[in-house]
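Lettering follows sequence order; numbering is per chain, from 1. Keep in mind the model is a prediction, meaning the values are calculated, not measured.
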Amino acid sequence: MDYLKELNTPQLQAVQHTDGPVMIIAGAGSGKTRVLTYRIAHLIYSRGIDPFNILSLTFTNKAAAEMKHRIETLVGLEARNTWMGTFHSIFAKILRVESAKLGYPSNFTIYDTDDSKSLIRTLVKEMRLDDKVYKANVVLSRISGAKNRLLGWKAYQDDPYVKADDEAAMKPRMGEIYQRYQDRLFKAGAMDFDDLLFNTNVLFRDHLDVLNKYQQRFKYVMVDEFQDTNISQYLITKKLAAVHQNICVVGDDAQSIYAFRGADIQNILNFEKDYPDLFVVKLEQNYRSTKTIVEAANSIIDKNKAQLKKVVWTSNPDGELIELIKAASDNEEGRIVANIIFEEKNNKKLNNSDFAILYRTNSQSRSMEEALRKMNLNYKIVGGLSFYQRKEIKDLMAYMRFTVNPVDEEAFKRVINYPKRGIGDTSVDKILVGAYEHDMPLWDVVQNAHSFLGGKAGSSVDNFSTMIKAFQIEVERKDAFEAASIIAKQSGLLRELYEDKTIEGLNRYENVQELLNAIKEYVDNPENEDKSLGSFLQEIALLTDNDQDKDKTDAITLMTVHASKGLEFKQVFVVGMEEDLFPSQMMMQSRDDLEEERRLFYVASTRAMEKLYLTYALSRYRFGRLLNCEPSRFLEEVNPNMIKVNKRVASKEMPGALRKEGLPGSSGFIGIKRQPESRQPIQLKIHTPTPDFKPSNTNNLKAEQLVEHPKFGFGKVQKIETEGLNKKATIQFEHFGEKTLLLSFAKLRIID
DNA sequence: TTGCAGGTCATTTTT
DNA sequence: TGACCTGCAA
């Protein structure tokens with residue numbers, strides 16, 4: 001085979017070793033996607049495997065689309081017949097076919113996070129619980145965590161450890177919420193994201209004939225980004241591959257950055273134990289970045305304890321040093337970045353699309369955007385509020401959802417009184433409670449509104465249900481586009497938006513038109529056989545990526561580090577390299593996972609092909625407050641030989657606010673502190689909190705008190721200050737020196 | 001039921 | 001800071 005000549009030895013091994021369990025450890029930039037696509041091509045060409053028997057699972061829509069595209073170029077249209085997609089989409093597809101076995105309708109709705117949270121809020125209210133204790137976010141992540149560990153509500157309630165946990169967290173009724181939540185999802189004919197995996201596990205566990213069918217079908221199973229799988233996903237994959245044993249996982253433990261979503265790095269670390277005859281290939285040569293960048297990235301990740309041994313190297317030239325840039329404020333940081341991009345574009349004849357600005361949190365994009373706009377530099381933001389998360393889009397989608405599946409409670413709540421038709425919260429509650437108490441399907445209650453509501457509200461609901469019934473007839477007769485247009489018009493939604501003449505209102509109107517366009521495209525696409533609205537809804541339920549790559553304009557890419565995985569740019573700025581921001585304070589306090597933050601930094605820096613910039617600000621507006629910042633510890637951990645401190649920072653401008661606040665470091669402190677002679681990074685002593693660390697109530701914290709901090713370790717309170725509404729504690733820590741912490745954020749354990 | 005004013009609260013990453 | 005909630009008047 002000709003195309004195999006392009007591969008190096010380990011890559012070739014990975015491609016040709018098709019049978020039996022295989023694990024490919026692929027460092028950043030080592031040609032992972034290429035190996036995967038060639039492997040599939042090889043299976044089809046050289047082994048004569050029917051594409052229909054090959055299953056490849058990816059993590060993101062983007063990765064799936066990329067792979068599909070590359071395989072089609074390599075193999076041709078035949079490749080379309082392979083099963084390829086995200087875990088969620090593939091299993092949703094299977095669940096739609098087999099839904100009856102689980103008692104679900106095949107057109108079940110998929111609830112997104114907003115729907116789930118809203119349902120939880122409703123439940124908490126119904127159970128008359130304190131919504132400050134049972135916060136939707138917290139409850140949902142608890143339930144989600146349970147599902148990812150395959151703990152159903154019954155098992156959850158019966159598990160003494162879980163129970164003890166919940167009681168310790170003062171949330172003893174969590175198990176009950178979980179039960180009700182599942183019940184309501186079921187009645188609404190809906191599954192949440194985690195259910196797609198959980199229910200697939202149930203399906204395969206309880207229906208061996210179904211399992212067997214898919215086991216026979218998928219002779220070859222491949223999993224991309226294996227480090228990001230959770231137990232639930234892993235178990236499904238393992239079951240599917242149990243007959244043929246042709247399972248190939250590709251991943252990089254150093255890029256495992258989704259633990260918050262249940263990804264378990266142990267899956268990749270322990271894979272060998274599950275398959276003793278495992279064939280392991282390591283792809284260690286990096287083709288993407290300069291030596292400087294590869295080594296700097298390695299120097300950070302080397303600090304992690306949990307990792308598979310591998311040495312990522314490159315034969316690329318050294319390239320330029322990494323630039324370390326200090327700015328006085330977040331706005332100045334933006335200006336500096338914009339200036340550099342402007343200069344580099346001119347000097348090196350680069351395009352906007354050669355640059356990426358990466359940040360830890362979406363909210364950081366603002367200062368960057370402002371600066372880029374001022375310099376007239378074209379940019380695009382990836383992620384953030386995606387198209388399908390906008391209110392107006394969700395509203396129209398909710399109408400469509402409710403028409404197709406009129407027991408969908410969350411869709412119902414969205415549309416019943418929008419646009420306003422005089423059905424207030426009380427009436428909505430009566431309907432929902434009616435359904436609940438009489439154990440009736442929501443749609444039946446809506447159709448018999450008069451038995452539950454008084455005259456006026458009752459007739460309003462009657463009008464509503466008549467309208468929905470009319471929609472249902474349209475949906476049956478017409479294609480998705482025509483039906484959706486009618487729904488948009490006759491629901492009054494389009495008129496409502498049209499009458500709003502503000503700029504945002506105009507935008508919203510255009511967004512709805514945009515959604516209708518998307519539906520039109522869907523209908524016109526000959527690949528889609530089923531043109532019904534229901535089919536369209538199923539198609540896009542799992543589509544959260546709005547990067548259709550349609551914008552051909554040349555733009556600088558702004559995105560979070562997470563969103564950058566799998567991409568590459570000539571020059572990359574990692575901005576906001578400040579302690580508590582990157583690494584993130586939240587992350588460190590909730591899970592004390594410095595290692596994952598390191599991996600995150602590794603992902604960020606290895607996106608750069610030619611040049612990497614690390615920038616930080618000494619002060620930054622966060623939560624509407626001006627905070628003083630310290631440079632990130634990662635700047636200390638990077639091999640200092642790779643870094644040059646940028647001199648361009650000398651900015652005379654000092655925002656008034658900073659001067660007033662007397663910014664520490666605004667005088668004298670240049671660059672980061674480093675021991676000059678040794679040129680060795682300073683070793684920070686990282687504190688491991690005591691195992692049962694629980695933050696204390698710090699309302700009455702006094703000076704001289706001994707405390708423990710999950711990150712800074714032990715310390716003694718120096719003084720407590722009140723500044724406006726904020727209380728600040730200055731604490732002398734054993735290893736980290738004096739720190740001033742905002743008490744509302746700091747998690748401290750008081751040692752008595 | 002609706003709309004407004006004022007208050008509170010959290011503030012990460014994504015299928 | 002801004003998203004969301006609550007309470008009150010119409």
S.K.: Contact class for A:Lys565 (heavy atom, under 4.0 Å): base, sugar-phosphate, or nothing?
M.R.: nothing
S.K.: Let's see if you can work this out: which of B:dT13, B:dT15, B:dA10 has an atom nearest to the side-chain heavy atoms of A:Thr60?
M.R.: B:dT15
S.K.: According to side chain to side chain donor-acceptor pair (under 3.5 Å), who are the partners of A:Glu225, at least two apart in sequence or on a separate chain?
M.R.: A:Lys32, A:Gln227
S.K.: Rounded to the Å, how far apart are A:Glu596 CD and B:dT14 P?
M.R.: 12 Å
S.K.: How close or far is atom P of B:dT13 from atom OH of A:Tyr359, stated in whole angstroms?
M.R.: 10 Å
S.K.: A:Phe87 near the nucleic acid: base, sugar-phosphate alone, or nothing, with a heavy-atom cut-off under 4.0 Å?
M.R.: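 Touches nothing.
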S.K.: Please tabulate, one pair per line, each protein N/O and nucleotide N/O from nucleotides 2-7 of chain C that are separated by under 3.5 Å, including the distance.
M.R.:
none

S.K.: From CZ of A:Phe193 over to C1' of B:dT15, roughly how many Å is that when rounded to an integer?
M.R.: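 Answer to the nearest Å: 5 Å.
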S.K.: With A:Asp264, which residues qualify under salt bridge (charged side-chain N to carboxylate O under 4.0 Å, His left out), at least two apart?
M.R.: none
S.K.: Just the rounded figure in Å: distance from C1' of B:dT15 to CG of A:Asp195.
M.R.: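 A:Asp195 atom CG is separated from B:dT15 atom C1' by 13 Å.
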S.K.: Grab the CG-P distance between A:Leu196 and B:dT15 for me, whole Å please.
M.R.: 13 Å
S.K.: Any idea which of B:dT15, B:dT1, B:dT14 is nearest the A:Ser427 side chain?
M.R.: B:dT1
S.K.: With distance as the sole test, does A:Glu579 use its side chain to make a donor-acceptor pair with the main-chain N or O of A:Arg633 at under 3.5 Å?
M.R.: yes
S.K.: Given B:dT15, B:dA10, B:dT12, identify the nucleotide with an atom nearest to the side chain of A:Lys135.
M.R.: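 My answer, after comparing the listed nucleotides, is B:dA10.
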S.K.: Whole-Å distance between B:dT12 P and A:Leu358 CG?
M.R.: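 In whole Å, B:dT12 P and A:Leu358 CG are 18 Å from each other.
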S.K.: The test is ring pair (Phe, Tyr, Trp, His ring centres under 6.0 Å); show your working for A:Phe226 and A:Tyr234 and say whether it passes.
M.R.: CA-CA 9 Å; A:Phe226 184 59; A:Tyr234 178 45; 5.6 Å; yes
S.K.: Which residue, A:Thr560 or A:Ala457, contacts DNA chain B at a nucleotide closer to its 5' end, judged by nearest heavy atom?
M.R.: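 Its nearest nucleotide lies further toward 5', so the answer is A:Ala457.
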S.K.: Under a 4.0 Å N-O cut-off, is there an ion pair linking A:Arg620 with A:Glu578?
M.R.: yes
S.K.: Take atom CE of A:Met559 and atom C1' of B:dT14, then tell me their distance rounded to the nearest Å.
M.R.: 15 Å
S.K.: Going by the rule side chain to side chain contact (heavy atoms under 4.5 Å, CB included), which residues pair with A:Ala146 if we only count those two or more places apart in sequence or in a different chain?
M.R.: A:Leu151, A:Tyr156, A:Tyr178
S.K.: Not counting sequence neighbours, which residues clear side chain to side chain contact (heavy atoms under 4.5 Å, CB included) with A:Asn331? List them please.
M.R.: A:Ser329, A:Arg335, A:Ser367, A:Glu370
S.K.: Provide, to the nearest angstrom, the distance between the CD1 atom belonging to A:Ile257 and the C1' atom belonging to B:dT14.
M.R.: 10 Å
S.K.: Applying a 4.0 Å non-hydrogen cut-off, can you work out what A:Thr426 is touching in the nucleic acid: base, sugar-phosphate, or nothing?
M.R.: sugar-phosphate
S.K.: Just jot down the side chain to side chain donor-acceptor pair (under 3.5 Å) partners of A:Tyr258, sequence neighbours excluded, or say none.
M.R.: none
S.K.: Using the 3.5 Å cut-off, write out each protein N or O paired with an N or O of nucleotides 2-7 of chain B and the distance between them.
M.R.:
unit_1: B:dT2; atom_1: OP1; unit_2: A:Gly422; atom_2: N; d: 3.2
unit_1: B:dT2; atom_1: OP2; unit_2: A:Asn417; atom_2: ND2; d: 2.9
unit_1: B:dG3; atom_1: OP2; unit_2: A:Lys420; atom_2: NZ; d: 3.4

S.K.: The criterion is side chain to side chain contact (heavy atoms under 4.5 Å, CB included); which residues satisfy it with A:Val138, sequence neighbours excluded?
M.R.: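 A:Val138: side chain to side chain contact (heavy atoms under 4.5 Å, CB included) contacts with A:Lys135, A:Lys171.
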S.K.: May I ask you to say what A:Thr113 touches in the nucleic acid, namely base, sugar-phosphate or nothing, with a heavy-atom cut-off under 4.0 Å?
M.R.: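 Result for A:Thr113 = base.
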S.K.: List for me each residue that meets side chain to side chain contact (heavy atoms under 4.5 Å, CB included) alongside A:Ser427, sequence neighbours excluded, and say none if there are none.
M.R.: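 Partners of A:Ser427 by the side chain to side chain contact (heavy atoms under 4.5 Å, CB included) criterion, ordered by chain and then number, come out as A:Ile423, A:Leu453, A:Ala457.
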